[in-house]
Structure formats: C-alpha cells, structure tokens
Colleague: 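Pasting in a structure now, in structure tokens, and then I'll have a few things to ask.
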Amino acid sequence: DIKIAGADDFQFTANTFTVKSGSTIVVDDTTDSTSTTTGSIQTDGGVGIAKDLVVGDDILLKSDSASIQFGADSEITLTHSADSGLLLKHAASGDDKFPTLNFQTGDNDIAQNDVLGRLSFTAPDEGAGSDAVLVAAGIDAISQGDFSASSNATSLVFKTANSETAVEKMRLTAAGDIGLGTTSPSAQLHIDEGDSNSYATIRLEGNNRGGQIDMYQGSTIV
C-alpha cells in the first residue's frame, strides 16, 4: 500500500495497480495520440470505464467497420461502412425493431417560424470556393405557430441552391398542402411562378399517350 497522510491512495497486488477511492492519476505529458501506439497512455488491451468519459479533443476510431454501441443490451449500433458512410441499426430481431433518429430542440417556448431541426448538405472542401462551399440543399422543420397543449403544427421546408445559399423552393404544411414558390400554400397543390409577366406551368408526360387529368364532381379548372 502507498499511504499519504495515513490514507490508502494506491495499492499494488500481484498483477494489479489500484488507484484507491478518492485518488487520481494525472498525466501531464501532452503528446497527441494519432494511432493505437502513440500518445501519453498506451494499452494493448481494452479499457473498461464504469463512469462517464470526458474527452477534450478528437475521438479516432481507426479500424474499418468500427462501431459505437448504445444501451445495456447494445441493441442500437452506429457502424462505419468503409469508403461509404455510417450505418445506424437496431440489432434486435422481430417486428417493429427499427432505428430512430430523433431531432430534438431544447427550446421550451416554440413560436411561429422557429426551426425544430435542420438537415444541410454542403461541399466544404470544394476547391472553387465562393458559392461552391455554401449550403447547397437542406430540409427544415419549421413551426407554423405557437406550440400549445393542442397544437404542434409544423411544416417541412425543402431548400435548394442555384448560385446562393440554399433557399426554400417547396413547402409541405401540417395540413398536407404543398407549395411551390409560395410559403403559404392555400390549396393541396399551390404553384406560384412569382413573375407577374409569366405564369405557372404543369407538364404531364406519358411514354405514348401524354398526360391525363381526371376531374370529378365539384372540380373546376379556372
């Protein structure tokens, strides 16, 4: 036993060095770790941690197909797919066993036009710079009004870019209305060309017979 001020701080046994409760090992060396054989602390085996792990810089998973497993049963996994991306999987078998990716905002007072979550698509390493590195496309979930115990009306806003940061081009409202060129669709399909000297168009094209519009009782074309 190693005692300081009469208290057990560290203990050696045949094959174990134990840091006793209330004691700490501090490594002041600041060497970065870029592989499994570099850095201030190295081990050839696994590391078991019963409490939280706090990391002040990067976490590197250095093998193909490396995974992070979540839950007491490790049923949710996030796995590297070599040269492709990440795979989110629910590992349990049976019906209705699927992964869920839930975007949650911490805002506790949702008002009209608050963004609840966003997906953005960019090419930040594009060498051309300028417009090329701006957000090229995106999807936003935006509140349609103040949330309450009886309302969480939300629209999905789809954005694309031409020579700009991506802006809204289509909106799907809580009522199921679709707006193209308008942020306030007033029909199930509302197209606003936006140019006072032009007009909106719909094109129906079939392989042999062109397009078809079926009109039922009460329908009108204006």
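All residue numbers in this chain count up from 1 along the given sequence. As the structure is a computational prediction, the values presented were derived from the model and not from experiment.
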Colleague: Check the pair D131, S163 against side-chain hydrogen bond (donor to acceptor under 3.5 Å, both in side chains), reporting the backbone distance first and the verdict last.
Modeller: CA-CA 6 Å; D131 286 350; S163 181; 2.4 Å; yes
Colleague: Working to the nearest 0.5 Å, report the span between CZ of R118 and CZ of F103.
Modeller: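 Spacing of CZ (R118) from CZ (F103) equals 11.5 Å.
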Colleague: In this structure, which one of T77, I59, I76, L61 forms a side chain to side chain contact (heavy atoms under 4.5 Å, CB included) with I68?
Modeller: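 Of T77, I59, I76, L61, side chain to side chain contact (heavy atoms under 4.5 Å, CB included) with I68 is met by L61 alone.
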Colleague: Would you compute the distance between atom CD1 of I139 and atom CG of L156 and round it to the nearest 0.5 angstrom?
Modeller: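 The distance works out to 7.5 Å.
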Colleague: Between the main-chain N or O of G194 and the side-chain N or O of D192, is there a donor-acceptor pair closer than 3.5 Å?
Modeller: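 Yes; at least one donor-acceptor contact below 3.5 Å.
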Colleague: Indicate yes or no for a side-chain donor-acceptor contact from S33 to the backbone of T38 under 3.5 Å, with no hydrogens or angles considered.
Modeller: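 Side chain of S33 to backbone of T38, a donor-acceptor pair under 3.5 Å: yes, one is there.
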Colleague: Could you check whether any side-chain N or O of T16 sits under 3.5 Å from a backbone N or O of T18, counting only pairs where one atom can act as donor and the other as acceptor?
Modeller: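 Here the side-chain-to-backbone pair does not exist.
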Colleague: Give a yes or no on this: more than 12 heavy atoms of other residues, nucleotides or ligands lie within 6.0 Å of atom CD1 of I213.
Modeller: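 No.
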Colleague: Between T24 and V19, which heavy-atom pair has the shortest distance, and what is it?
Modeller: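 Distance-wise, the nearest heavy atoms are N-CG1, 3.9 Å.
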Colleague: Which pair of heavy atoms, one from L180 and one from M170, lies closest together, and at what distance?
Modeller: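 That closest heavy-atom pairing would be CD2-CG, 3.3 Å.
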Colleague: Using a cut-off of 6.0 Å, state whether more than 12 heavy atoms not belonging to D83 lie near its atom CG.
Modeller: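 No, because the 6.0 Å sphere around CG of D83 holds 12 heavy atoms or fewer from other groups.
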Colleague: Got a sec: does the CD of Q42 have more than 12 other heavy atoms crowding it under 6.0 Å?
Modeller: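 Correct, the count exceeds 12.
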Colleague: List the steps, then state whether side-chain contact (heavy atoms from CB on, under 4.5 Å) holds for Q144 with Q112.
Modeller: CA-CA 5 Å; Q144 292 181 201; Q112 186 171 1; 5.8 Å; no
Colleague: How many angstroms lie between atom CD1 of I2 and atom CZ of F12, to the nearest 0.5 angstrom?
Modeller: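 CZ of F12 is found 4.5 Å from CD1 of I2.
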Colleague: For the residue pair Y199 and E193, what are the closest heavy atoms and their distance?
Modeller: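 For Y199 and E193, the tightest heavy-atom pair comes out as O-CG, 3.4 Å.
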Colleague: Return the minimal non-hydrogen interatomic distance between H190 and S184, and the atom names on each side.
Modeller: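 Heavy-atom minimum between the residues: ND1-O, 3.9 Å.
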Colleague: Is atom CD1 of I202 surrounded by more than 12 heavy atoms (other residues, nucleotides or ligands) closer than 6.0 Å?
Modeller: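 At most 12 heavy atoms, drawn from other residues, nucleotides or ligands, come within 6.0 Å of this atom.
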Colleague: If you take all heavy atoms of A92 and K97, which pair is closest and at what distance?
Modeller: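 Between these two residues, the closest heavy atoms are O-CB, 3.5 Å.
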Colleague: Considering all heavy atoms of both residues, which atom of H80 and which atom of A82 are nearest to each other, and what is their separation?
Modeller: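 Scanning both residues, the minimum pair turns out to be CE1-CA, 3.4 Å.
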Colleague: Can you name the one residue among L134, V133, V135 that meets side chain to side chain contact (heavy atoms under 4.5 Å, CB included) with T122?
Modeller: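 Option passing the side chain to side chain contact (heavy atoms under 4.5 Å, CB included) with T122: V135.
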Colleague: Using a strict 4.0 Å threshold on nitrogen-to-oxygen distance, state whether D9 and K20 make a salt bridge.
Modeller: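 Judged by the 4.0 Å cut-off on N to carboxylate O distance, D9 and K20 do not form a salt bridge.
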Colleague: Calculate, to the nearest 0.5 Å, the distance between atoms CG and CD1 belonging to D146 and I110 respectively.
Modeller: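 The distance works out to 9.5 Å.
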Colleague: Do other residues, nucleotides or ligands put more than 12 heavy atoms under 6.0 Å from the CG atom of D1?
Modeller: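 Enclosed: over 12 neighbouring heavy atoms sit under 6.0 Å from CG of D1.
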Colleague: Where the side chain of T154 meets the backbone of N152, is there a donor-acceptor pair that is under 3.5 Å apart?
Modeller: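 Between the backbone of N152 and the side chain of T154 there is a qualifying donor-acceptor contact (under 3.5 Å).
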Colleague: Is it the case that the side chain of K159 and the backbone of A137 share a donor-acceptor pair, with hydrogens and angles ignored and the cut-off at 3.5 Å?
Modeller: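 No, the answer is negative, given that no donor and acceptor are paired below the 3.5 Å cut-off.
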Colleague: Is there a chain of hydrophobic side chains (I, L, V, M, F, W, Y, each step under 4.5 Å between heavy atoms) that links L53 to I41?
Modeller: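 They do not share one cluster, since no chain of ILVMFWY contacts under 4.5 Å joins L53 to I41.
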Colleague: Distance only, no hydrogens: is a donor on one side chain within 3.5 Å (strictly under) of an acceptor on the other, for D107 and T105?
Modeller: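 No pair is found: no donor N or O on one side chain lies under 3.5 Å from an acceptor on the other.
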Colleague: Give, for atom OG1 of T173 and atom CD1 of I142, the distance between the pair rounded to the nearest 0.5 Å.
Modeller: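 The OG1 atom of T173 sits 12.5 Å away from the CD1 atom of I142.
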Colleague: Taking atom CG of L172 and atom CZ of F158, what is their separation to the nearest 0.5 Å?
Modeller: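 Here the rounded value is 6.0 Å.
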